[in-house]
Amino acid sequence: AKSRFWETWDRVNQHFGETFAQLFPGGKAWLELTGEGSALSRDIEFVVHPPGKRTRPIELLSGGERALTALAFMFALYKEKAGPLCILDEVDAPLDDANTSRFLDMLDSFSKKTQYVVVTHNRFTMSKASRLLGVTMDKGVSKLVSVQLSEGGAQKVS
Amino acid sequence: AKSRFWETWDRVNQHFGETFAQLFPGGKAWLELTGEGSALSRDIEFVVHPPGKRTRPIELLSGGERALTALAFMFALYKEKAGPLCILDEVDAPLDDANTSRFLDMLDSFSKKTQYVVVTHNRFTMSKASRLLGVTMDKGVSKLVSVQLSEGGAQKVS
Amino acid sequence: MFLKRIEIQGFKSFAEKTVFELGQGMTAVVGPNGCGKSNVVEAVRWVLGEQRPSTLRTKAMGDVIFSGSSGCGPVSLAQVTLVLDNSLRPLPIDTDEVSLSRRLYKDGQSRYLLNMRSCMLKDIKGVLYNSGLGAPEYAIMQREMIDILLANKGNERRLLLEEAA
Amino acid sequence: MFLKRIEIQGFKSFAEKTVFELGQGMTAVVGPNGCGKSNVVEAVRWVLGEQRPSTLRTKAMGDVIFSGSSGCGPVSLAQVTLVLDNSLRPLPIDTDEVSLSRRLYKDGQSRYLLNMRSCMLKDIKGVLYNSGLGAPEYAIMQREMIDILLANKGNERRLLLEEAA
Ligand SMILES: Nc1ncnc2c1ncn2[C@@H]1O[C@H](COP(=O)(O)OP(=O)(O)OP(=O)(O)O)[C@@H](O)[C@H]1O
Ligand SMILES: Nc1ncnc2c1ncn2[C@@H]1O[C@H](COP(=O)(O)OP(=O)(O)OP(=O)(O)O)[C@@H](O)[C@H]1O
Ligand SMILES: [Mg+2]
Ligand SMILES: [Mg+2]
């Protein structure tokens, strides 16, 4: 089990460097095990270098940088073992336009192996979807509605 | 001090009902003191009714509903005593278009007494601002840039 | 495509039976604040066997049953069904479609069903074991998870890494 | 208008002196992820006397000093200045403009200045006492505060209510 852990670790570490660089062009990142004890009990640390910046405590990252780092980690795991289904709930909310675009490109490259369902308020994300499922609330009861994308965002189809 | 607390309490409670109804048309909300002990040590509870819904544990509220509730509380306090300066950092991120619009209308009505500085990625919010201050990062150093609002969002002025 | 559709009835704000048809490619779920989108995500988490009410924004599991509104009285049963495409037999069951259901009754009774037959949670987990859907947190990422993953106070990073191993 | 401008130098990502001119009406601060917008908000919180490094996303206060990047070496001083319009004398100081500054040196030395004269934090707090700027959390609301206010684990709601009383 332990050698299998290290093989997985090395590959995921490489994947993480790749996914991070795709979301942060010119950036670098890797994983480290902190502390003591067996490999299977030590903490996993993200060591993260957005382009041009020095590695700092991860708490100093901005809201958008934190979201991209978490997404880079998830995508790195999916490069190792793709889940058949992945549901994302407003993970694009903190991203600016350029980062939303990089995120959507990455999502697209992973969607051969994984079926993605994305809850979003972001028009750009909506424009890249194969279908839109609209939800509305009517007197405290949720209902499905047909929607289509227009200038003003997703609109109910009457 | 105690009677002054109750006078403030009554007024803020009324303000909260008004600001909540403005952000959630048809909704109701008020404040309650929970537990025992002196008025000055008991917990303040938000009792919140979005339109058409029953009062539930506040944890069940959606991301956008939570943001609006927190904003309704802050605006209620400012109705009691307006701060001269108020800085908001991405509080509009979880809001849909209709709620962003209600939030901006409320901001506008409060901006006679309060100078607002709003950090945002939201184009609608940008369109309502008196000025845009652009920030960019150049090799890990933050700098001020001139920006103007265009079709694609805030653009640097070359 | 793996997930064909999600059927939600009596779960949180979905008082009436609501069917979400999915398909190939990316599906976007959209709507105004508070309309029920995150409730759909939590419905999937729930039917995959989530046991902690806190991940569903509730204190007690019974809170996921629709508790009434101005448009509809309370109901006594919450039910969520996932219908999966098994035509290439990714799951160890010999049917072209596999349905997973979970029910919770107001009296606290709880049931799982596999192809509409009653079973135990461990049977569902067994069927999903190597499919990549065995751990709800591997398949579902909500906004709050970003802060949890970055704060690293628990061992979420390790649990996810082990799921990928 | 109350706040005329914010001057930031050596604080977090603002290696070089940067001046933000404000004015009447609502000002929007915009830019890509990670460019420094929240750092501006934290700069204002800091100069108003914030003492807890955790509200500035750091473990130690010294971390707010620009620590170097590929474009600029580290600096040894962080300084933030607010210039306030006092022409209607909202503050108990007899000048048309009032400037508040805070400095932190790499060796840990910390200074506050009022109209460019050295003073104590309590002097700044005294000047701001009834102005509505005495409590940084009353003037500043960041995204994280929404969760804190709703979770109600501490007594944030009460502190804010007392500030309004
Ligand atoms: N047991 C229940 N019975 C009835 N309604 C419920 C129940 N549990 C939750 N709700 C309602 O569901 C709503 C929240 O829905 P949800 O979180 O899915 O919204 P959302 O579409 O994700 O919104 P946002 O865009 O703001 O994130 C709340 O208004 C809440 O009152
Ligand atoms: N002491 C420091 N020295 C140099 N850079 C720093 C320092 N502290 C923080 N930073 C940098 O500041 C950046 C974060 O800036 P900030 O949080 O203001 O971004 P933002 O504009 O709010 O982005 P977002 O839109 O994603 O919220 C981080 O990349 C971090 O590396
Ligand atoms: Mg939601
Ligand atoms: Mg920020």
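Treat the numbers as computed from the prediction; the structure is a model and nothing was measured. Just so it is clear: chains get the letters A, B, ... in the order the sequence lines come, proteins before strands, and each one is counted from 1.
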Could you look at [X] and say if it's the side chain, the backbone, both or neither that has a heavy atom under 4.5 Å from chain C?
{"X": "A:Lys79", "answer": "neither"}
{"X": "A:Ser111", "answer": "neither"}
{"X": "A:Leu107", "answer": "side chain"}
{"X": "A:Leu68", "answer": "neither"}
{"X": "A:Leu104", "answer": "side chain"}

Self-check item: Passing option when A:Leu144 is tested against C:Val19, C:Thr18, C:Ile8, C:Val29 for side-chain contact (heavy atoms from CB on, under 4.5 Å)
Solution: C:Thr18
Sub-3.5 Å donor-acceptor pair from the side chain of [X] to the main-chain atoms of [Y], do we have one?
{"X": "C:Asn152", "Y": "A:Ile44", "answer": "yes"}
{"X": "A:Arg66", "Y": "C:Ile146", "answer": "no"}
{"X": "C:Thr27", "Y": "A:Val117", "answer": "no"}
{"X": "A:Lys81", "Y": "C:Glu163", "answer": "yes"}
{"X": "A:Glu90", "Y": "C:Arg143", "answer": "no"}

Quiz item: Taking C-beta and beyond as the side chain, do C:Gln142 and A:Val119 meet within less than 4.5 Å on heavy atoms?
Solution: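 They are not in side-chain contact.
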Give the member of [options] that has the highest number of heavy-atom pairs under 4.5 Å with chain C.
{"options": "A:Ala93, A:Ala82, A:Ala129", "result": "A:Ala129"}
{"options": "A:Tyr78, A:Phe73, A:Trp9", "result": "A:Tyr78"}
{"options": "A:Cys86, A:Pro84, A:Gly83", "result": "A:Pro84"}
{"options": "A:Arg131, A:Lys139, A:Arg11, A:Met137", "result": "A:Arg131"}
{"options": "A:Leu132, A:Leu133, A:Asp138", "result": "A:Leu133"}
{"options": "A:Val135, A:Thr120, A:Thr8", "result": "A:Val135"}

[X] versus [Y], closest heavy-atom pair with distance:
{"X": "C:Met141", "Y": "A:Ala70", "value": "CE-CB, 3.7 Å"}
{"X": "C:Gly25", "Y": "A:Ser130", "value": "CA-OG, 3.5 Å"}
{"X": "C:Ala15", "Y": "A:Val141", "value": "CB-CG1, 3.9 Å"}
{"X": "C:Leu161", "Y": "A:Phe5", "value": "CD2-CE1, 4.0 Å"}

Quiz item: When heavy-atom pairs shorter than 4.5 Å are enumerated against chain A, which of C:Gly31, C:Gly36, C:Ala165, C:Gly132 gives the highest number?
Solution: C:Ala165
Exercise. Quick one: which of C:Ser131, C:Pro90, C:Gly68 has the most heavy-atom pairs under 4.5 Å with chain A, could you say?
Key: C:Ser131
Can you tell me how far [atom2] of [Y] sits from [atom1] of [X], rounded to the nearest 0.5 angstrom?
{"X": "A:Leu85", "Y": "C:Leu133", "atom1": "CG", "atom2": "CG", "answer": "5.5 Å"}
{"X": "C:Leu160", "Y": "A:Glu80", "atom1": "CG", "atom2": "CD", "answer": "13.5 Å"}
{"X": "C:Arg158", "Y": "A:Asp43", "atom1": "CZ", "atom2": "CG", "answer": "7.5 Å"}
{"X": "C:Glu137", "Y": "A:Met74", "atom1": "CD", "atom2": "CE", "answer": "9.0 Å"}

Practice problem: Give a yes or no on whether C:Tyr129 atom OH has more than 12 heavy-atom contacts from other residues, nucleotides or ligands under 6.0 Å away. | Solution: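 Incorrect, the count does not exceed 12.
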Quiz item: In terms of side-chain geometry, is the basic nitrogen of C:Lys37 or A:Asp89 positioned less than 4.0 Å from the acidic oxygen of its partner?
Solution: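 Not counted as a salt bridge, because no side-chain N and carboxylate O are separated by less than 4.0 Å.
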